[in-house]
Amino acid sequence: MINSKAVAPMCLAALLASCTGMGSTPPASAGADATAFSDRCAALGAQLMSQAPVRDLVIQTSAWQENLVLEGEGSDVQAPLPAHCLVEGYYGEHEGQIGGSYRTAFRMRLPLDWNGRFLFEGGGGSNGVIREATGINGPGNTTALDRGYAVIAQDSGHDNDRNNVPSHGGVMAFGHDPQARADYGHSSLKPTYDLGQHIVSTLYGRDSETNLFWGCSKGGQEGMAFAQRYPDAFDGIVAVAPGMALPRAAVAQAWDTQALAGVLTARGEKPSVEGLRTLFSDQQFALVSDATLEACDAIDGAQDGIVAAIGQCTTARVEPELRARQCTAQGASDCLESAQVDAILKIMDGPRDADGKALYSDWAWDGGVGATGWQVWKTGLVNGPPSLNVVLGGNALASAFTTPPTPIAPDPEQLLAWQLAFDFDKDAPAIYAVQAPYKTSAWQDVGMRSTDLSAFRANGGKLIVPHGSSDPVFSVLDTINWWNEVNTKTGGDAASFARVFPVPGMNHCRGGPSTDQFDSLSALESWVIDGKAPTSISATASDETPWPGREMPLCPYPQIPLANGADGYRCARPQI
């Protein structure tokens with residue numbers, strides 16, 4: 001382990017040849033000699049201390065990696081990673097108000113055969129872990145590292161093990177420290193980017209030629225943060241299912257939980273996490289999907305099990321079909337209870353205060369509503385995870401997205417009770433509140449829904465935003481509304497630098513009855529490097545769908561995929 005406090009002030013004779021700008025070692029390039037590159041990698045830890053762009057940098061690993069196989073990296077057949085230099089460490093350590101000392105940890109992989117490009121791999125959920133920095137960019141796609149990118153990943157300023165405080169949200173304890181919360185929201189991003197650039201130029205002897213970002217969910221929020229707050233960092237960003245309104249979405253999760261708990265109450269049962277799991281049978285969830293398809297499948301011109309006409313499938317269309325499937329006899333199991341229909345309608349309308357003002361967004365009616373990837377968030381799964389809306393959403397809202405945060409144990413039943421007591425008139429405004437020791441609100445720290453992308457646009461940045469139409473965590477309609485606002489602000493020119501691609505049927509980041517296999521990173525490369533704006537993105541259905549191998553283009557909103565004969569599709573504006 002090397003500490004920058006010890007090394008940065010000196011460049012001793014023994015290190016003289018390896019200090020940045022002072023040695024004669026030639027820069028690496030594609031096909032460079034592996035021995036020379038591995039030697040340079042081994043010496044990199046000391047070199048990085050010279051003029052490090054972050055405070056108190058500590059390098060824990062600087063090691064040559066060859067024939068390394070990682071488990072669980074998103075591929076059924078695990079192939080060795082390309083030969084590369086692995087760099088790991090942390091920086092910016094500070095003592096938190098709760099949870100001990102916090103710091104931002106990172107992992108970076110720099111390939112021997114470098115293509116001159118840099119990719120920042122976004123995180124997910126509450127972060128607190130460092131991803132493998134291989135540059136995963138969607139199911140079935142070649143990783144960025146395999147494509148020749150140098151890739152960096154980080155934990156956003158807290159560690160799920162080191163900073164875990166059971167009485168204060170467990171892994172969400174960072175929300176009780178102002179700096180750690182800001183680091184999670186955005187403050188750790190640019191320093192990590194700067195460090196990655198420093199590592200690239202130090203090892204290779206030259207700067208990266210192209211800088212890209214890819215992330216989904218919280219990673220998508222990070223992409224939005226870069227575009228809005230640090231607009232000169234990246235040439236291009238893919239922000240899939242972006243959590244750009246995370247605090248508001250967490251309010252919606254409490255709303256959903258209360259709506260679903262109402263079904264249990266109507267049955268005379270006390271709401272419980274286990275009760276939510278069994279609230280709907282698989283057959284009943286299938287009825288919800290069937291009702292949606294019956295009402296809206298053909299709007300796009302094709303009766304194909306996909307609701308492609310995003311935004312046109314309204315509650316006014318779907319509610320009669322749901323009511324037609326409502327039980328007429330007590331105890332029937334092949335129908336929907338009245339309270340179940342009421343709960344679904346309340347969820348899809350989105351959270352509101354007593355005056356009817358929307359607190360987040362409504363949701364798109366879609367064939368993936370009720371799919372397994374939708375259920376796991378709203379109700380949880382029998383013999384599977386409890387409601388993620390409760391155990392993740394409730395904890396996040398209590399610990400990180402309201403000011404002041406609420407100390408709470410990460411126990412599912414306690415979190416459920418807290419969500420059920422949440423008052424949408426008195427408690428929801430806390431996501432915008434500022435109270436000492438916090439100098440900014442949770443919305444300022446974490447919300448990344450600004451429609452001012454003028455600096456990003458002026459720097460030539462390109463932004464691709466794929467989003468599942470039946471995402472149960474972040475509403476695709478909120479993303480579309482955001483794009484429409486950007487489009488208005490830019491005088492109708494948003495598509496010149498930012499494009500939203502709804503994915504019909506897709507749940508959160510992937511899954512659902514959808515064509516969720518698509519290569520957004522290649523689309524971004526074509527736009528940034530070749531100047532070819534994506535008029536569509538080819539997409540394929542996985543083996544888990546009703547139609548394995550089906551192909552359908554993802555279309556940039558406001559276009560949708562329209563049937564083109566012989567099971568083909570074309571992107572065009574809907575026929576309204």
Side-chain angles (χ1 to χ4, degrees), residues 55-56 90-105 123-130 154-189 191-192 217-218 221-222 225 243 245-254 257 388-423 426-448:
R55 179 175 60 85
D56 300 339
Y90 60 87
Y91 66 88
E93 189 161 9
H94 76 279
E95 192 64 26
Q97 299 199 12
I98 295 291
S101 63
Y102 289 87
R103 62 202 193 192
T104 300
S126 64
N127 283 348
V129 296
I130 316 170
Q154 58 131 12
D155 65 4
S156 78
H158 65 275
D159 184 282
N160 285 348
D161 295 324
R162 293 179 64 255
N163 305 124
N164 190 315
V165 183
S167 62
H168 287 67
V171 299
M172 296 296 299
F174 69 87
H176 293 261
D177 180 69
Q179 182 176 334
R181 187 175 79 176
D183 283 342
Y184 168 78
H186 68 89
S187 294
S188 65
L189 295 174
T192 301
S217 191
K218 176 60 174 72
Q221 179 264 0
E222 292 163 4
L246 263 167
R248 293 177 183 171
V251 169
Q253 290 175 316
T257 298
L388 299 184
N389 272 9
V390 173
V391 298
L392 297 184
N395 198 358
L397 185 58
S399 301
F401 298 156
T402 46
T403 305
T406 302
I408 189 169
D411 171 74
E413 294 296 344
Q414 289 189 47
L415 292 169
L416 174 62
W418 188 86
Q419 278 191 322
L420 293 179
F422 190 84
D423 188 301
K426 294 187 297 183
D427 298 332
I431 67 176
Y432 306 107
V434 177
Q435 179 177 316
Y438 297 88
K439 297 181 179 180
T440 51
S441 69
W443 181 254
Q444 289 171 304
D445 286 342
V446 186
M448 297 297 151

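Numbering starts at 1 and runs along the sequence shown.
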So [Y] and [X], do their side chains get closer than 4.5 Å, heavy atoms only?
{"X": "V171", "Y": "N164", "answer": "yes"}
{"X": "H158", "Y": "D183", "answer": "no"}
{"X": "I431", "Y": "T402", "answer": "yes"}
{"X": "P178", "Y": "Q97", "answer": "yes"}
{"X": "Y90", "Y": "D159", "answer": "no"}

Expected output: side-chain [X] to main-chain [Y] donor-acceptor under 3.5 Å:
{"X": "K218", "Y": "L246", "value": "no"}
{"X": "Q253", "Y": "G394", "value": "no"}
{"X": "Q179", "Y": "H94", "value": "no"}
{"X": "N395", "Y": "L392", "value": "no"}
{"X": "N163", "Y": "S101", "value": "yes"}
{"X": "D155", "Y": "N127", "value": "no"}

Hydrogens and angles aside, do T192 and Y91 bring a side-chain donor and acceptor to less than 3.5 Å of each other? yes

Side-chain donor-acceptor contact under 3.5 Å, T440 with D445: yes

